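Lettering follows sequence order; numbering is per chain, from 1. Because the structure is predicted, anything quoted here is derived from the model rather than measured.
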Amino acid sequence: MQMTQSIRYRFDRIKGIASLEIDTAGPVNAIGAQFIADLAAAAIRAKKDSAAGVIIRSAKPRSFLDGADLVEIRKDPSPLRLELLLRGFHQALDALATGAFPVAAVVVEQTALGGGFELLLWACDRIFATPGSKMGLPEVNVGLFPAAGGLQTLSRLVGFETALEIVMGGKVLPAEHFAASPVVQIVERHQILATTEKWVIDNPHVINRNIDTGEPPAIDPHQCRTLIQRARKTYTVCPQRPYYEAALAAAEQAIELPFRQAVESQVNHFAPLIADAGVTNKIDFFFTVNAVAPRLLPADLQGALPVDRVAVIGAGLMGRGIAQVCADRDLPVLLFDVDGPSSAKAKQAIADGLDPLVRKGRWPAARRKRLLDNIEPTADYRRLVDVPLVIESVFEALDLKRQVLQKVQSVNPRAVFATNTSALPITDISAVAPKPEQVVGMHYFSPAALMPLLEVVRGPHTSQAALATAVACGQRQQKTCIVVGDGPGFYTSRTFGVYVLTGFYLAEMGIDPWEVDRLALRAGFPQGPLHVYGTAGGTVIHDAAGFLQSRRPELFSLPKTLTRMVAAGYVGAGKPCFYKNGRQPDESARQFVTKAKKQKAPDPDAAAEMLLLSMVNQAFWCLDEGVLQDYFTMDIGAVLGIGFPDFLHGPARYVSQLGVNRTRQRLLEVYQATGLPFFKPAREFDRLVACGVDGNLV
Amino acid sequence: MADQCVIVSAKRSPFGKYLGALSETEPLELAAHVARSALSAAGKQIDREIDQIFVGNCIPSAFETGSVVGRQIGLKLALDVFTTTIDTACCSPLTALRMALWGMRLGELDAALILGVESMSRVPHFSRKLRAGVRVGPVELTDPLYPISYPGHRPVAVDASDGAEKYEVSRRMLDSFAMGSHLKWEQARLAGRFDDEIEPIRVRKQRREFLFSQDEMPRPDGSVAEIGLLAPVFGSKSTTPGNAPGLNDGASAMVIMRADKAAALKLPHLGTIVEQASATDTAEGISWIPALAVQRLLEKTGTAVDDLDLIEINEAFAAMPLVSTKILADGNPQKWLELLSKTNVNGGAVAIGHPVGASGLRIAMTLVYELKRRGGGQGVAAICGGLTQGEAVLIRV
């Protein structure tokens with residue numbers, strides 16, 4: 001047995017099978033310089049031993065091989081180093097693939113991601129996976145793209161169109177999704193090793209399918225180009241995400257190239273990415289969310305009350321989404337609405353919403369059934385007597401929420417009462433509660449099933465146990481949790497609010513409303529501010545903005561356009577707004593735009609900067625006021641909750657890279673030019689400057 | 001004025017990190033090296049002019065023989081003049097300077113060599129049990145550095161944290177100022193602002209010999225947020241390894257002379273020691289004692305805080321400059337930020353390190369050179385010492 005640092009090589013002389021067991025340093029198996037060297041050495045060794053077959057496994061319980069070692073890459077982010085690493089990886093994979101033996105992989109409820117999946121796709125003739133295994137190409141999520149032939153090799157399994165979708169979407173899917181191809185076989189755990197060995201022994205002469213046999217490509221080049229062009233339209237709106245264009249350019253160049261040349265051509269698209277600040281920001285953000293976010297949570301989550309069921313009160317869009325999220329993770333839900341029939345209708349709406357997922361094969365029917373079995377519609381508050389956690393998601397009206405709170409606490413004062421309010425301070429809601437220490441904010445984002453963030457709000461009296469219970473529930477729902485302090489709009493709503501308000505003011509300064517949205521998308525926001533107006537609902541925006549202004553008149557103001565549109569019934573959500581059907585501009589909205597006097601329309605770059613600065617400044621005001629305590633939370637909340645461009649990592653990194661002094665100066669200039677109160681620089685900037693800190697915030 | 005006390009030279013070694021570049025250098029050798037540099041920095045050897053030597057050192061056990069370490073250094077320099085070794089904890093080198101200043105004013109000396117030296121990496125563990133013999137059982141070896149505290153008193157880390165709390169200096173402000181220390185150091189280094197004061201020294205470390213020429217502790221690649229993740233230590237609420245200096249090695253040296261003598265010898269006039277003051281307070285007041293010493297000094301000299309062009313307050317912890325400047329600003333938030341903007345402008349101990357007996361002289365010379373770079377002015381350097389004593393010196397350039 002030969003022991004290398006990251007791959008354990010064993011050769012069974014009797015069966016003639018070489019077994020490679022991956023076990024790199026670190027909590028997951030990752031591809032770094034050591035692994036690449038060890039993989040090449042293992043391939044050479046197998047050839048030397050005249051192995052009749054090679055089986056690759058992982059020693060780690062959940063990780064088969066989870067892509068590139070980002071820590072290693074980030075430590076020395078040089079394109080040359082990355083190029084050498086990638087070429088070395090190609091060579092190692094090629095060595096294994098071209099060996100005169102069949103290569104099989106055994107994936108046991110593990111994940112094979114990015115380069116790990118590319119290893120399977122390139123070097124393995126068969127992939128045996130148990131149910132519960134996951135595979136995918138999520139590289140774009142960290143600002144890179146699959147550059148070890150992933151698109152080409154995956155196309156042979158699922159077709160070019162699906163492969164391109166997986167690459168561009170950074171998707172990770174259950175192994176079953178790839179089992180239509182004979183290359184991937186799903187086998188139960190207790191049979192998998194025997195099945196794999198048998199296949200290897202029975203198939204000694206398998207030739208690697210990726211090595212060109214001289215036959216014409218199975219993929220129509222013209223169709224490929226069309227699909228690539230379509231993807232370009234979707235993904236490359238924002239020039240600061242170069243990894244999308246790099247992936248597409250590489251894909252385009254590789255059409256009609258033999259496999260090895262196709263892979264080689266990917267190197268020059270891939271390596272330069274690491275020199276891009278947006279890419280390194282995205283890699284850093286990956287670690288911020290996965291490694292740092294849990295460390296920001298209150299230390300004693302042990303105080304969390306055991307939660308074996310929840311109640312969701314208010315079965316509107318958000319309430320239904322929250323109920324679905326709980327039920328999907330085997331947390332039984334009592335779903336409340338105004339009366340029994342309404343609750344039942346709400347459950348039906350959830351069921352109807354899941355139908356397309358099952359029909360399209362994205363969800364197994366069993367998962368849908370289990371989810372729905374976990375939801376019990378009711379209107380009987382007496383049922384709450386043994387429910388430890390109640391999540392309230394009724395209308396955003398203080399009186400109504402107080403009523404619900406009092407009703408709940410009269411039945412079960414020991415329950416933790418979590419309110420999904422987006423802007424009403426916990427202080428206000430819990431003011432009349434018999435037990436205010438049980439009240440905490442759990443602010444979800446729409447759609448609750450998809451948005452990764454949960455903003456947990458600590459009220460002035462919230463007990464450690466209540467806070468811990470809310471956080472633990474959020475973690476169980478696989479949300480990234482941040483804890484913030486109390487205040488109108490907390491952190492995310494008020495920071496998102498100024499983004500929308502700034503959009504209105506830009507239109508009032510003379511920029512065409514639909515151009516405002518377009519430049520926002522080019523700046524990296526996922527949705528333009530005036531488009532948000534329509535999807536979030538004009539009344540919601542107007543009420544929230546009005547509420548913020550009433551509480552903080554020195555920090556917020558309402559654009560006249562907004563008031564006029566709401567008064568005219570242009571509030572979206574079924575009624576007219578800036579867009580018809582959510583896509584086409586509705587010119588009739590133009591009549592409401594109130595032009596600001598004496599103000600020149602800013603150029604597109606300045607306008608985009610204003611949108612960013614509005615969020616940045618508001619975030620720093622939150623820091624001033626103690627709603628936020630640290631820069632990690634600031635950045636996590638902004639990117640995961642309210643669309644701050646991910647390649648900037650967040651407001652704190654944005655300020656670090658622009659410079660504290662320069663940010664303060666720009667804010668002052670915009671404040672002086674526009675008079676808009678939310679551009680008045682936050683006081684934290686002055687403190688940072690006095691301390692000699694111009695960057696390095698996060 | 002002819003009898004004024006002028007600084008004719010000031011030099012320091014780069015400061016080493018704990019168990020770093022200077023950890024295999026005997027403090028005797030380190031101090032002598034820096035002293036020789038100061039004695040020849042003015043372009044001529046001025047050994048013969050030195051009337052007395054005053055040496056600050058806090059933990060003499062780092063020396064091979066921890067007794068009259070100053071005299072040992074003097075003899076190593078072949079300077080057989082009266083040498084006083086002073087321990088007022090971190091105040092030591094500034095107390096040494098003050099004793100020399102008094103000597104000059106009394107007419108007892110015309111020129112003095114001031115030194116501050118500390119080799120924290122070489123402080124030995126100890127046991128009192130061995131002298132009488134240990135018949136059975138394990139022997140505990142005490143580490144005098146861990147934590148730094150005095151019998152019957154809480155660790156200094158706790159005092160710093162309590163001071164920050166008392167004067168409402170937030171944890172984030174401590175961490176921001178700490179990051180600023182690193183960033184200001186880096187800017188200063190890149191601009192060559194330490195070239196005047198640093199004397200590189202040949203060192204050996206693990207059989208490798210090299211020229212140690214730059215402070216090795218600063219970490220300008222960190223972030224305020226990362227410092228914020230560190231847990232408080234020694235039972236304090238807000239003191240962490242991120243907003244505190246490390247345990248360090250280094251030495252500083254300065255030669256002071258009566259103005260007329262310096263002129264006669266045609267020696268440079270780097271700055272004038274206008275006045276010094278000392279202060280004490282209750283034992284937990286180390287974070288605000290620099291302010292008290294400065295206030296006493298300003299009162300003594302009829303100077304206002306606004307008349308100061310630069311301030312140096314040693315970052316024994318980030319709390320010290322923050323709490324002390326807040327007091328000097330009378331709690332006015334705007335004034336506080338103004339004072340902070342001119343405090344420790346080239347970074348401080350959180351980044352550079354705090355070899356406890358050497359820092360007092362380092363901040364004085366950094367002040368002198370920076371004032372000189374700015375075309376002159378006046379500034380104050382202040383430091384706290386264990387069990388709450390403080391020194392402050394007013395320097396005019």
note = Among residues 358-380 of chain B, residues within the sub-4.5 Å heavy-atom range of chain A, in order of number, are none
With a sphere of 6.0 Å drawn around [atom1] of [X], does it hold more than 12 non-hydrogen atoms of other residues, nucleotides or ligands?
X: B:R219; atom1: CZ; value: no
X: A:E554; atom1: CD; value: yes
X: B:K17; atom1: NZ; value: no

remark   = When the 4.5 angstrom heavy-atom criterion is applied to B:P220 and chain A, the contacting part is backbone
inquiry  = Using heavy-atom distances under 4.5 Å, tell me whether B:D221 contacts chain A through its side chain, its backbone, both, or neither.
reply    = backbone
request  = Using a cut-off of under 4.5 Å on heavy-atom pairs, state which of B:G222, B:G228, B:S181, B:A318 scores highest against chain A.
outcome  =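 Highest number of heavy-atom pairs under 4.5 Å: B:G222.
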How about [range] versus chain B: which residues have heavy atoms under 4.5 Å apart?
range: residues 643-651 of chain A; answer: none
range: residues 283-296 of chain A; answer: A:V292, A:R295, A:L296
range: residues 70-78 of chain A; answer: none

note = For B:A225 and A:V698 the tightest heavy-atom approach is CB-CG2, 3.7 Å
query = Which atom names give the shortest non-hydrogen contact between B:L337 and A:A690, and what distance separates them?
reply =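 B:L337 and A:A690 have their closest heavy atoms at O-CB, 3.5 Å.
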query = Which distance, rounded to the nearest 0.5 Å, do you find between the CD of B:Q334 and the CG of A:D686?
reply =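 Output value for this atom pair is 7.0 Å.
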ask   = To the nearest 0.5 Å, what is the distance between NE2 (B:H182) and CG (A:N696)?
value = 10.0 Å
task = Select one option (side chain, backbone, both, neither) describing which atoms of A:L697 are under 4.5 Å from chain B's heavy atoms.
result =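 Answer is both: backbone and side chain atoms of A:L697 are under 4.5 Å from chain B.
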Heavy-atom distance under 4.5 Å between the side chains of [X] and [Y], does that happen here?
X: B:M173; Y: A:C691; value: yes
X: A:F632; Y: B:E226; value: yes
X: A:D694; Y: B:Q187; value: no

Partner chain B: residue of A:M634, A:E684, A:Q629, A:R683 with the largest heavy-atom pair count (under 4.5 Å) =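 Looking at each of A:M634, A:E684, A:Q629, A:R683 in turn, A:E684 comes out on top.
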